[in-house]
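To start, the structure itself, in structure tokens.
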Amino acid sequence: QIQLVESGGGLVQPGGSLRLSCGASGSIFSIYVMGWHRQAPGKQRELVAALTTGPTKYADSVKGRFTISRDIAKNTVYLQMNSLKPEDTAVYYCNVYGSSSATVEPDDYWGQGTQVTVSS
């Protein structure tokens, strides 16, 4: 099993910045995708950004403001969020698509979520 622990959420004023972190631990054989999703009240969960084996993906609404990065040695993924807007308010979830051993098929793993609130 792969465990994910997120940190870095909180309350910030519009125009401010936050940095989310997500560390993966446990039995890790391979990781193919590391990313962030978010879910606002009354809305479906949506992809925010993801590091894949191909091009990095960003939601159109965050392009130019958010940056996703990864520390491979630490199995940690970060989300730097700048120029935050009230509409960025949501619970942010870390997501990993990977496998815990050579004999286990890759699967999706999720963190517990961290609240980001953008408000004056």
Side-chain angles (χ1 to χ4, degrees):
Q1 288 288 328
I2 298 175
Q3 291 84 42
L4 303 176
V5 178
E6 302 134 334
S7 62
L11 173 65
V12 64
Q13 292 186 341
S17 298
L18 281 176
R19 187 193 194 206
L20 305 182
S21 300
C22 172
S25 62
S27 179
I28 301 172
F29 174 72
S30 60
I31 293 177
Y32 301 101
V33 179
M34 295 190 86
W36 293 91
H37 290 66
R38 67 185 180 187
Q39 187 166 19
K43 295 187 177 181
Q44 289 188 329
R45 191 174 296 191
E46 63 173 354
L47 173 70
V48 176
L51 292 167
T52 73
T53 54
T56 301
K57 297 181 179 180
Y58 288 99
D60 287 342
S61 59
V62 307
K63 284 181 180 177
R65 300 188 298 122
F66 291 10
T67 302
I68 188 171
S69 61
R70 176 181 176 183
D71 186 328
I72 296 175
K74 296 181 179 179
N75 282 324
T76 299
V77 63
Y78 305 95
L79 186 67
Q80 178 66 42
M81 305 185 293
N82 299 327
S83 302
L84 282 160
K85 304 175 181 180
E87 50 264 44
D88 294 318
T89 295
V91 178
Y92 284 70
Y93 296 91
C94 177
N95 166 246
V96 163
Y97 180 72
S99 59
S100 56
S101 78
T103 58
V104 176
E105 289 294 317
D107 200 356
D108 277 307
Y109 296 88
W110 294 91
Q112 79 284 358
T114 184
Q115 177 70 45
V116 172
T117 302
V118 185
S119 174
S120 55

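Arg65 approaches Leu84 most closely through the heavy-atom pair NH1-CA, 3.9 Å. Scanning all heavy atoms of the two residues, the minimum distance from Leu18 to Gly9 falls at CD1-C, 4.5 Å. Across every non-hydrogen atom of Leu4 and Ala24, the tightest pair is CD2-CB, 3.6 Å. Closest non-hydrogen pair, Ser30 versus Tyr32, comes out as OG-OH, 3.2 Å. Nearest heavy-atom pair across Val48 and Val62 is O-CG2, 3.6 Å. When all heavy atoms are compared, the tightest approach of Leu47 to Ala59 is O-CB, 3.4 Å.
Partner Leu20 forms a side-chain contact (heavy atoms from CB on, under 4.5 Å) with one of Ile68, Leu79, Val77 and no other, that one being Leu79.
Note on Val12: it clusters hydrophobically with Met81, by side-chain heavy-atom contacts below 4.5 Å among ILVMFWY residues. A single hydrophobic cluster is seen to contain both Val91 and Trp110, as judged by linkage of ILVMFWY side chains at heavy-atom distances under 4.5 Å, directly or through other members.
Counting heavy atoms from C-beta outward, Arg38 and Thr89 have side chains that stay 4.5 Å or more apart. Residues Pro14 and Lys85 have side chains not in contact (no heavy-atom distance under 4.5 Å, counting atoms from C-beta outward). Arg70 places none of its side-chain heavy atoms less than 4.5 Å from the side chain of Tyr78. Residues Met34 and Tyr97 have side chains not in contact (no heavy-atom distance under 4.5 Å, counting atoms from C-beta outward). The shortest side-chain heavy-atom distance between Asn95 and Tyr93 does not fall under the 4.5 Å cut-off. Contact of the Tyr58 side chain with the Thr67 side chain is registered, since non-hydrogen atoms from C-beta on lie closer than 4.5 Å. Between Leu51 and Val33, every side-chain heavy-atom pair lies at or beyond the 4.5 Å cut-off. In this structure, Tyr92 and Gln39 have side chains that are not in contact, with every pair of non-hydrogen atoms separated by 4.5 Å or more.
Between atom OH of residue Tyr109 and atom SG of residue Cys22 there is a gap of 13.5 Å, rounded to the nearest 0.5 Å. Annotation: the span from Gln80 atom CD to Ser17 atom OG amounts to 5.5 Å, rounded to 0.5 Å. Note: Lys43 NZ to Glu87 CD = 8.5 Å, rounded to the nearest 0.5 Å. The OG atom of Ser99 sits 9.0 Å away from atom CD1 of Ile31, with the distance rounded to the nearest 0.5 Å. Taking CD of Gln1 as the start and CG of Asp107 as the end, the distance is 8.0 Å to the nearest 0.5 Å.
A donor-acceptor pair is defined here as one N or O able to donate and one able to accept, closer than 3.5 Å; such a pair exists between the side chain of Glu6 and the backbone of Gln112. Between the side chain of Ser27 and the backbone N or O of Ser100, at least one donor-acceptor pair lies under 3.5 Å. For Thr76 (side chain) and Lys74 (main-chain N/O), a donor-acceptor pair under 3.5 Å exists by modelled atom type.
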* I would like to know whether Thr103 and Ser101 meet side-chain hydrogen bond (donor to acceptor under 3.5 Å, both in side chains); could you show each step before the answer? => CA-CA 5 Å; Thr103 58; Ser101 78; 3.2 Å; yes
